[in-house]
Amino acid sequence: MTDVAGRAGRKLNRDFRDIEHLQVSRKGPADFVSAADRKAEEIIYDRLSEARPGYSFLMEERGEVVGTDKSHRWIVDPLDGTTNFLHGMPHFAVSIALEREGEIVAGVVYNPATDEMFQAEKGRGAWLADRRLRVAERKHMDEAVFATGMPFIGKTGHASCLKELHQIMPHSAGIRRMGSAALDLAWVAAGRYDGFWERKLQKWDIAAGMIIVKEAGGYVAEIDGGDDILETGSIVAGNEVMRDLLVEKLRAAAG
Ligand code: IPD
Ligand code: CA
Ligand code: CA
């Protein structure tokens with residue numbers, strides 16, 4: 001998985017440096033899919049199919065590909081942080097998760113611009129190169145920095161997002177909106193952020209990041225109390241205390 005993410009990421013990086021020559025097509029309002037995005041997905045699909053013939057796929061561009069082996073599925077976002085990529089901001093990632101019998105058992109999130117490869121395997125911890133990752137230990141909101149995602153043109157939920165910010169902003173040391181949910185989760189695992197929340201994400205945005213957080217000793221929850229984060233895409237992550245504090249504030253915002 002790291003080998004494949006590395007290859008796809010290096011390809012993205014070459015295109016990133018050459019961004020003015022990219023052919024970009026418009027899929028919908030503010031929803032760009034670049035040629036680089038598709039090329040990266042192709043590399044991932046080809047390499048993973050070769051390494052594990054028959055495994056199924058769920059990929060952002062290609063969608064669901066049912067293989068002969070239905071108990072294994074790769075969940076892939078070839079480029080998370082498309083808007084950053086297109087705007088020349090070096091904060092984007094390749095995200096690959098492996099699901100076995102419906103459970104995520106491994107994940108890789110790779111930012112090729114910084115050459116940071118975040119990875120985790122169930123029961124084996126989360127790692128950034130040879131450094132074992134651990135979520136931050138802060139227990140008070142006033143010293144915590146959070147990441148979130150905000151809806152943009154063509155999305156719903158603008159008003160509720162403002163309510164959520166209103167609940168959390170005055171109590172925290174800062175909120176960031178960096179533009180890659182996969183990296184937001186990886187950064188929670190690395191202890192850079194104390195917590196992260198976002199609604200309506202897709203499975204490929206969060207599948208890899210979730211296991212990286214959990215293997216770094218962190219906790220994730222479905223914001224509204226549901227039991228399937230991947231289904232609803234509404235996620236909160238952090239250490240146990242931060243996760244609970246965020247859930248409390250987010251439910252107050254919804255209430
Ligand atoms: C997006 C990023 C972003 C999140 C959006 C996602 P994309 O993925 O993860 O942080 O706020 O909701 O769609 O489109 O760049 O792959
Ligand atoms: Ca994404
Ligand atoms: Ca994407």
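One-based numbering, in listed order, for ligands and for the atoms of each.
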Checklist outcome for this item: For Glu60, the atoms of ligand 1 under 4.0 Å from one of its heavy atoms are 16 (O)

Item to check | Axial cation check for Tyr193 ring with Arg176, 6.0 Å and 45° limits | outcome: no

Next on the checklist: Regarding ligand 1, does Met150 bring an N or O atom to under 3.5 Å of one of the ligand's N or O atoms?
Outcome noted: no

Checklist entry - N/O of Asp80 under 3.5 Å from N/O of ligand 1, yes or no? => result yes

Next on the checklist: Run the side chain to side chain donor-acceptor pair (under 3.5 Å) test on Thr232 and Glu222 for me, step by step, so that the C-alpha distance in whole Å, both residues' side-chain angles and the decisive distance to 0.1 Å come before the verdict.
Outcome noted: CA-CA 8 Å; Thr232 66; Glu222 205 280 339; 2.6 Å; yes

Item to check | Other residues, nucleotides, ligands: >12 heavy atoms within 6.0 Å of Arg52 CZ | outcome: no

Checklist entry - Should we count NE2 of His140 as having more than 12 external heavy atoms under 6.0 Å? => result no

Checklist entry - What atoms of ligand 1 come closer than 4.0 angstrom to any heavy atom of Leu79? => result 16 (O)

Checklist entry - What part of Glu198, side chain, backbone, both or neither, has a heavy atom within less than 4.0 angstrom of ligand 1? => result side chain

Checklist entry - Could an N or O of ligand 1 be found under 3.5 Å from any N or O of Gly149, whether backbone or side chain? => result no

Item to check | Rounded distance (nearest 0.5 Å) linking atom CZ of Arg177 with atom SG of Cys161 | outcome: 8.5 Å

Next on the checklist: Geometry only, no angles: is Gly179 polar-contacting ligand 1 at N/O separations under 3.5 Å?
Outcome noted: yes

Checklist entry - Yes or no on side-chain contact (heavy atoms from CB on, under 4.5 Å) for Ile104 and Met210, after CA distance, side-chain angles and deciding distance? => result CA-CA 9 Å; Ile104 307 297; Met210 269 168 61; 5.6 Å; no

Item to check | Which of the ligand 1 atoms, numbered from 1, are nearer than 4.0 Å to a heavy atom of Asp77 | outcome: 16 (O)

Checklist entry - What distance separates Glu60 CD from Lys203 NZ, expressed to the nearest 0.5 Å? => result 13.0 Å

Next on the checklist: Please determine whether salt bridge (charged side-chain N to carboxylate O under 4.0 Å, His left out) holds for the pair Lys214 and Glu103, giving the CA-CA distance in whole Å, both sets of side-chain angles, and the decisive distance to 0.1 Å.
Outcome noted: CA-CA 13 Å; Lys214 288 198 254 180; Glu103 186 194 10; over 6 Å; no

Checklist entry - Taking atom CG of Leu58 and atom CH2 of Trp204, what is their separation to the nearest 0.5 Å? => result 5.5 Å

Item to check | Thr82: numbered ligand 1 atoms lying under 4.0 Å from its heavy atoms | outcome: 7 (P), 14 (O), 15 (O), 16 (O)

Item to check | N/O separation below 3.5 Å, Thr83 to ligand 1 | outcome: no

Checklist entry - Charged N to carboxylate O under 4.0 angstrom, Glu198 versus Lys155? => result no

Item to check | For ligand 1, the portion of Asp184 having any non-hydrogen atom under 4.0 Å away | outcome: neither

Checklist entry - Can you say whether the rings of Phe57 and Trp74 are parallel (under 30°), tilted (30 to 60°) or perpendicular (over 60°)? => result tilted

Next on the checklist: With the threshold set at under 4.0 angstrom, would you say Arg177 reaches ligand 1 through any of its heavy atoms?
Outcome noted: yes

Next on the checklist: Would Ala181 count as a polar contact of ligand 1, with the cut-off being nitrogen or oxygen pairs under 3.5 Å?
Outcome noted: yes

Checklist entry - Once you round to the nearest 0.5 Å, how far does CD of Glu164 lie from CE of Met150? => result 10.5 Å

Next on the checklist: Could you enumerate the protein N, O or S atoms under 3.0 Å from the Ca ion (ligand 2), written like residue then atom name?
Outcome noted: Asp77 OD2, Asp80 OD1, Asp205 OD1

Next on the checklist: With a cutoff of 4.0 Å, is Gln202 in contact with ligand 1, counting heavy atoms of the residue only?
Outcome noted: no

Item to check | Closest candidate by heavy atom, reference atom 13 (O) of ligand 1, pool Asp205, Ile206, Leu86 | outcome: Asp205

Item to check | Passing option when Thr148 is tested against Asp184, Leu250, Ile175, Val236 for side-chain contact (heavy atoms from CB on, under 4.5 Å) | outcome: Ile175

